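These notes concern the structure reproduced below.
This one's a predicted model, so the numbers in the text were calculated from it and none came from an experiment. Chain letters run A, B, ... following the sequence lines, proteins first, then strands; residues in each count from 1. Any value given below was found using the heavy atoms of this structure, including those in side chains, with hydrogens, waters and symmetry copies removed.
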Amino acid sequence: MVGEEMIRMRQTGDLLEVESPRPVAEFKITRYLRFDDDLGSILKELSKDSRLREVMAEVGGIRIVRQDPWECLVSYIVSRNCSIPMIRRTLDNLCRKFGKKIVWEESIDYGFPAPEMISQAEPSELVKCSLRYGRRQALELRKMAEFVSEGTMDFAALKRMPYEEAKSALMSFDNGVGNKVADCVLLFSLEKLEAFPVDVWVARAVAQLYQKHLDSESVDRIKREHRLTPKDYKCVSDFGRRRFGRYAGYAQEYLYHWIRLQRGACHLE
DNA sequence: CCCCAGGCACATT
DNA sequence: AATGTGCATGGG
């Protein structure tokens, strides 16, 4: 689903074939897949780092998608402390219960629920979608939905701000938006390709490859697989942005997939 | 029964 | 400002 468009896509060589039940404007697809990024020059710039260059060679092709900000925000609020299959299931439940149903031949799917649907939802109905933190999280989602639909949270304005400013603005809404969620929303939906979200996996990758450049106590905690302290987060994320610059977000995605390949975690997806 | 999964908010110090 | 702790689903 891209917005409320159901799409089937297949890549054969350099050709991308797209099918849909009704005509879909091409820009919706190319915008979602970030065809406006000059991937060649991005990869060339990131390749200046020899360790990252090897990582990129092992991982292969990656694209970052340009998500709808509201969808992205909800997705990462819901994701906290969950496995990827669990995240998918929760989001799917939310769409099935609150989204617009789309039928195409034998395929049935649902659009992502509008903020108005979530702000008016009964907390108990949200909890039924198997939210990891139950009622508390249901209230977080409702609050955010309210901020978005009344315009208190203005995604267009956030896009115009520089990274640091947009990040503190996002985090000031609380209700489930911390460092990680804010950086993910900035990277995947608000045009901040320099954002460098840090989860346990990215922290492990950076601690392993760039140990010398980090605070040694942070490296110790990360290698012992402790939960990340705010200090560790800042240490790794600031390093990522300094090291990889305006396309740090792409570097982050390569590091994330690389370390999961190393640890055999990709089968969990 | 145990463990842990793409963290965050809040209480203590 | 730093550190500790509760949260409370589901799959292995």
How many whole angstroms separate atom [atom1] of [X] from atom [atom2] of [N]?
X        : N     : atom1 : atom2 : answer
A:Asn175 : B:dA9 : CG    : P     : 8 Å
A:Asn81  : C:dG6 : CG    : P     : 14 Å
A:Arg135 : C:dT9 : CZ    : P     : 14 Å
A:Asp232 : B:dC8 : CG    : C1'   : 15 Å
A:Ile87  : B:dG7 : CD1   : P     : 8 Å
A:Glu140 : B:dA9 : CD    : P     : 7 Å
A:Leu139 : B:dA9 : CG    : P     : 14 Å
A:Gln137 : B:dG7 : CD    : P     : 12 Å

Q: Rounded to whole angstrom, note down the C1' distance from C:dG4 over to B:dG6.
A: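 My reading of the C1' atoms in C:dG4 and B:dG6 gives 23 Å.
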Q | Distance between C1' atoms of B:dA5 and C:dA8 (Å, rounded) | A |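 Approximately 14 Å lies between the C1' atom of B:dA5 and that of C:dA8.
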(Q) Under the criterion salt bridge (charged side-chain N to carboxylate O under 4.0 Å, His left out), I'd like the reasoning laid out for A:Glu191 against A:Arg34: C-alpha separation, chi angles, the key distance, then a yes or no. (A) CA-CA 10 Å; A:Glu191 307 301 312; A:Arg34 300 194 71 99; 3.6 Å; yes
Q: On DNA chain C, check which nucleotide each of A:Arg221 and A:Arg227 is closest to and give me the residue with the more 5' one.
A: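 Residue closer to the 5' terminus by nearest nucleotide: A:Arg221.
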Listed nucleotide nearest any side-chain atom of [X], set [options]:
X        : options             : value
A:Arg80  : B:dC8, B:dG6, C:dT3 : B:dC8
A:Met86  : C:dT9, B:dG7, B:dG6 : C:dT9
A:Val200 : C:dA8, B:dA9, B:dG7 : B:dG7
A:Tyr133 : B:dA5, C:dC7, B:dC8 : C:dC7
A:Asp199 : B:dA9, B:dA5, B:dG7 : B:dG7

Which part of the nucleic acid does [X] contact within heavy-atom distance under 4.0 Å: base, sugar-phosphate only, or nothing?
X        : value
A:Gln252 : base
A:Ile77  : nothing
A:Arg89  : sugar-phosphate
A:Val198 : nothing

**Q.** Salt bridge flag under 4.0 Å for residues A:Glu19 and A:Arg10
**A.**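 Salt bridge absent between A:Glu19 and A:Arg10.
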Q | Distance below 4.0 Å between A:Ser130 side-chain N/O and C:dG10 OP1 or OP2 | A |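 Result: yes.
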Q: Determine: side-chain N/O of A:Arg260 to OP1/OP2 of B:dG6, distance under 4.0 Å, yes or no.
A: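 Looking at the OP1 and OP2 atoms of B:dG6, one of them is under 4.0 Å from a side-chain N or O of A:Arg260.
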Q.
I want to confirm an ordering. Mapping A:Gly176 and A:Ser83 to their closest nucleotides on DNA chain B, which one lands closer to the 5' end?
A.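 Its nucleotide being nearer the 5' end, the pick is A:Ser83.
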Q) When the nearest nucleotide of DNA chain B is assigned to A:Met171 and to A:Arg204 on a heavy-atom basis, which residue is associated with the more 5' position? A)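 This one resolves to A:Arg204.
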Q. How far apart are the C-alpha atoms of A:Arg66 and A:Asp36, what are their side-chain angles, what is the distance that settles it, and do they pass the side-chain contact (heavy atoms from CB on, under 4.5 Å) test?
A. CA-CA 11 Å; A:Arg66 182 184 277 113; A:Asp36 49 321; 2.8 Å; yes
Q. A:Tyr254 and A:Gly60: which non-hydrogen atoms are nearest, and at how many Å?
A.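 Closest approach of A:Tyr254 to A:Gly60: CE2-O, 3.2 Å.
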Q.
Working note: A:Val206 + A:Arg243, criterion side-chain contact (heavy atoms from CB on, under 4.5 Å); need CA distance, chi angles, decisive distance, verdict.
A. CA-CA 11 Å; A:Val206 174; A:Arg243 179 93 179 177; over 6 Å; no
Q: Determine, step by step, whether A:Glu54 and A:Arg51 satisfy the salt bridge (charged side-chain N to carboxylate O under 4.0 Å, His left out) criterion, reporting the C-alpha distance in whole Å, the side-chain angles of both residues, the deciding distance to 0.1 Å, and the verdict.
A: CA-CA 5 Å; A:Glu54 287 176 30; A:Arg51 269 166 289 198; over 6 Å; no
Q: Using the aromatic ring of A:Tyr256 (for Trp, its six-membered ring), decide whether it stacks on the base of B:dG6 within the limits of 5.5 Å and 30°.
A: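 A stacking contact exists, since A:Tyr256 sits close and nearly parallel to the base ring of B:dG6.
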